[in-house]
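All ligand and atom numbering here is 1-based and tracks the order in the structure. Note that the structure is a prediction, hence the values are computed from the model and not measured.
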Amino acid sequence: MGEATNGKVPQSVKYAIIGAGIHGLSTALHLAQMLKKTGRGSGEDILVVDKTAIAAGASGIACGVVRNNYFQPAMRELMAQSVEVWESDPKAYAYHPVGYMQISPECMHEDVASIYEQQKAIGYESVFIEGAADCQKYMTGLFDDWQAKGITSVLHEKKGGYANNTKSIYGLADKAEAEGVRIMTGVEVRGFEFGSNSGAVTALNTSRGRIGCDYVIVGAGPWVSRIWNMLELPKRISIKGRDGKMHDDVGMWIYWCLEEGTLGVDPEMHKTNDGRMPPVIHVDTDAPLYSDVDGSLITDKLWGLYYKPDFNFGGVQGGSSPYKVDQDPDTVAVDPYGPDSPDFIVGDNFIHTWCSMLAHCQKRFEGKISLYKYKERSGGLGCFTPDSFPVFDVFRENVYVIADSNHGYKMLGVGKLVAQEVMGEKSALLEPFRFARFEKGELHPTSHSPFPWS
Ligand SMILES: Cc1cc2nc3c(=O)[nH]c(=O)nc-3n(C[C@H](O)[C@H](O)[C@H](O)COP(=O)(O)OP(=O)(O)OC[C@H]3O[C@@H](n4cnc5c(N)ncnc54)[C@H](O)[C@@H]3O)c2cc1C
């Protein structure tokens, strides 16, 4: 699968896609299907290039959580569409529809209640429990050792769940190749050629030579800021704030580091009381967090974690809130990426905190920190937009940029909508994610969650 490129790249292609992650490959697959269906071409018109390999970026290290729980209506509707795509071929996508739970403190109660109401309105199946006593009862009905404090609402999404990161991306690549799409790895895009009469891109300049192209789709994940610079798009932008005032000179990109890891317990131990695979658990709480090692106070501020049993990782895998990389994005060392990075992987502080969070939530995880998988380094960078929501838009007339602001492994369906737009049909679901929203002040509402992606 995927062609490692020693020789030359094609002289020209109709559609050039940069990046063999979830977005590049989903777009390739769906575009190929639509070209065939409409008699306007086929997968053979599409070339995907990746500088490293299939699933070499964020898609290959994602925790793999697929959920609908978003405070922003536009995000929720988009996620519902993506869940349908996951459900269309669970085997190929290594998708486990175990459901998802958002377990929250009082300061998030109202936000989550509105999510529940809107899930009902769009027909997304979920259950909402309110009040500390009822929440505790519901949770102990699932896990008899449940002990998280400060919880006053539980949103239990019956759809969604998680998928195995690399398996699903390989599944996607297989499906795209079966449609005739060509995937070439070891081909790095280093620049673009622009038309003399227009700003459109006429060719990619790659490490293996020039590729002329009619249309470009960018699915470069954490490297999007690099491609953005090559396209000579603005590094600093103006944003109309909620206060109605223009805020000039705001950086277009900012990196955050995601912290994740695996507790090397038997994944079976996290099953529910009736022996089933549990939903993905996400807990936010303002209850004080104490060390599971020495009982010292770790934080008395709002904190959150997520976790799931994972047979691929061999344990219970998950993470906690990311941190901002307070640096000019052009100077952030994105390569080597993920677990290979010397700078952006988890350290002892994360391990101590996350294991203490697990123990705070369920007694079965108390005293288990020594089982943490220290040798398997995890975590990695995400490239975020100024409001931490995606930008899906066309630049320079023929370049479709898919910049998901790190929301995106779950967004398998975005490639289908992008393909539809490339074919000339606008998508109402993508409309709230245009670049012009910054200047127009059409920003998404923000929630009280401690995570930048809720
Ligand atoms: C630790 C971590 C956990 C996460 N967990 C979740 C989760 O549970 N659920 C969720 O929904 N999202 C999660 N995310 C976010 C999600 O992984 C990303 O939003 C998504 O995978 C991005 O997909 P992509 O296709 O845009 O980019 P990627 O998967 O990063 O793919 C981009 C590809 O582009 C290639 N590339 C880059 N530059 C060039 C170039 N110049 N020339 C050629 N090729 C190039 C790279 O080699 C790479 O393979 C997580 C992210 C991280 C870092």
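- By the 3.5 Å distance cut-off applied to N or O atoms, Gly408 is counted among the residues near ligand 1.
- At under 3.5 Å, not a single nitrogen or oxygen of Gly24, backbone or side chain, sits near a nitrogen or oxygen of ligand 1.
- The shortest contact between atom 31 (O) of ligand 1 and any protein heavy atom is with Gly21 CA, 3.7 Å.
- Using a 4.0 Å cut-off between heavy atoms, Thr206 makes no contact with ligand 1 at all.
- When each of Lys167, Glu87, Lys175 is checked for a side-chain contact (heavy atoms from CB on, under 4.5 Å) with Tyr93, only Lys175 meets the rule.
- Atom 28 (P) of ligand 1 has Ala58 N, 3.6 Å as its closest protein atom, hydrogens excluded (heavy atom only).
- The protein non-hydrogen atom at the shortest distance from atom 20 (C) of ligand 1 is Asp404 OD2, 3.4 Å.
- Crowding of Glu117 atom CD: a count of heavy atoms from other residues, nucleotides or ligands under 6.0 Å exceeding 12.
- In terms of N/O distances under 3.5 Å, ligand 1 is approached by Cys63.
- You'll find the side chain of Ile169 reaches within 4.5 Å of the side chain of Tyr409, heavy atoms only.
- The protein atom (non-hydrogen) at minimum distance from atom 6 (C) of ligand 1 is Ala62 CB, 3.7 Å.
- With respect to atom 38 (N) of ligand 1, the closest heavy atom belonging to the protein is Trp223 CB, 3.5 Å.
- In the candidate list Gly338, Gly19, Ser59, Ala56, Ser59 is nearest to atom 29 (O) of ligand 1, counting heavy atoms.
- Here CD1 of Ile22 is found 9.5 Å from CG of Asp404. Values are rounded to the nearest 0.5 Å.
- Atom 51 (C) of ligand 1 has as its closest protein heavy atom Asn406 OD1, 3.5 Å.
- The parts of Ile22 lying near ligand 1 are both backbone and side chain, judged by heavy-atom distances below 4.0 Å.
- When atom types are taken as modelled, the side chain of Lys308 and the backbone of Cys63 share a donor-acceptor pair closer than 3.5 angstrom.
- Under a 4.0 Å criterion applied to the non-hydrogen atoms of Tyr337, ligand 1 contributes the atoms 53 (C).
- Inter-residue side-chain proximity for Phe389 and Pro432 is flagged as unmet; no heavy-atom pair is nearer than 4.5 Å.
- If you look at Arg226 next to ligand 1, there are no close heavy atoms at all, none under 4.0 Å.
- Those atoms of ligand 1 that come under 4.0 Å of a heavy atom in Leu381, given as number and element, are 53 (C).
- Between Cys383 and Pro329 the shortest side-chain heavy-atom distance does not fall below 4.5 Å.
- Smallest separation of non-hydrogen atoms from Leu25 and Ala20: CD1-O, 3.6 Å.
- Distance alone, capped at 3.5 Å, places no donor-acceptor pair between the Asp292 side chain and the Ala359 backbone.
- Between the side chain of Ser88 and the backbone N or O of Val85, at least one donor-acceptor pair lies under 3.5 Å.
- Scanning all protein heavy atoms for the shortest distance to atom 1 (C) of ligand 1 gives Leu258 CB, 3.7 Å.
- Judged by distance alone, with hydrogens and angles left aside, the side-chain atoms of Gln81 form no donor-acceptor pair with the main-chain N or O of Leu429 at under 3.5 Å.
- Considering only heavy atoms from C-beta on, Val250 stays 4.5 Å or farther from Phe438 through its side chain.
- Between the choices Asn165, Ile18, Asp335, Asp50, the shortest heavy-atom distance to atom 49 (O) of ligand 1 belongs to Asp50.
- The backbone and the side chain of Tyr409 each have at least one atom closer than 4.0 Å to an atom of ligand 1 (non-hydrogen atoms only).
- Between the Asn398 side chain and the Asp214 main chain, a donor and an acceptor come within less than 3.5 Å of each other.
- Put simply, the side chain of Leu47 reaches to within 4.5 Å of the side chain of Pro10, judged on heavy atoms.
- Looking only at distances, no side-chain donor or acceptor of Ser126 sits under 3.5 Å from a matching main-chain atom of Tyr116.
- Only the backbone of Ala53 comes within contact range of ligand 1, with a heavy atom under 4.0 Å; no side-chain atom does.
- Heavy atoms of Leu25 come nearer than 4.0 angstrom to ligand 1 in no pair at all.
- Here the shortest heavy-atom distance to atom 32 (C) of ligand 1, taken over Gly219, Ala403, Gly64, belongs to Gly219.
- Close approach of ligand 1 to Pro222 (heavy-atom distance below 4.0 Å) involves ligand atoms 30 (O).
- Under the 4.0 angstrom criterion for non-hydrogen atoms, Val187 is in contact with ligand 1.
- Look at Ile402 and you'll find every heavy atom at least 4.0 Å from all atoms of ligand 1.
- Considering only non-hydrogen protein atoms, atom 41 (N) of ligand 1 sits nearest to Val189 O, 3.0 Å.
- When the heavy-atom distances from atom 44 (N) of ligand 1 to Lys308, Lys51, His23 are ranked, the shortest goes to Lys51.
- Contacts between Ile227 and ligand 1 below 4.0 angstrom, taking non-hydrogen atoms only, involve the side chain exclusively.
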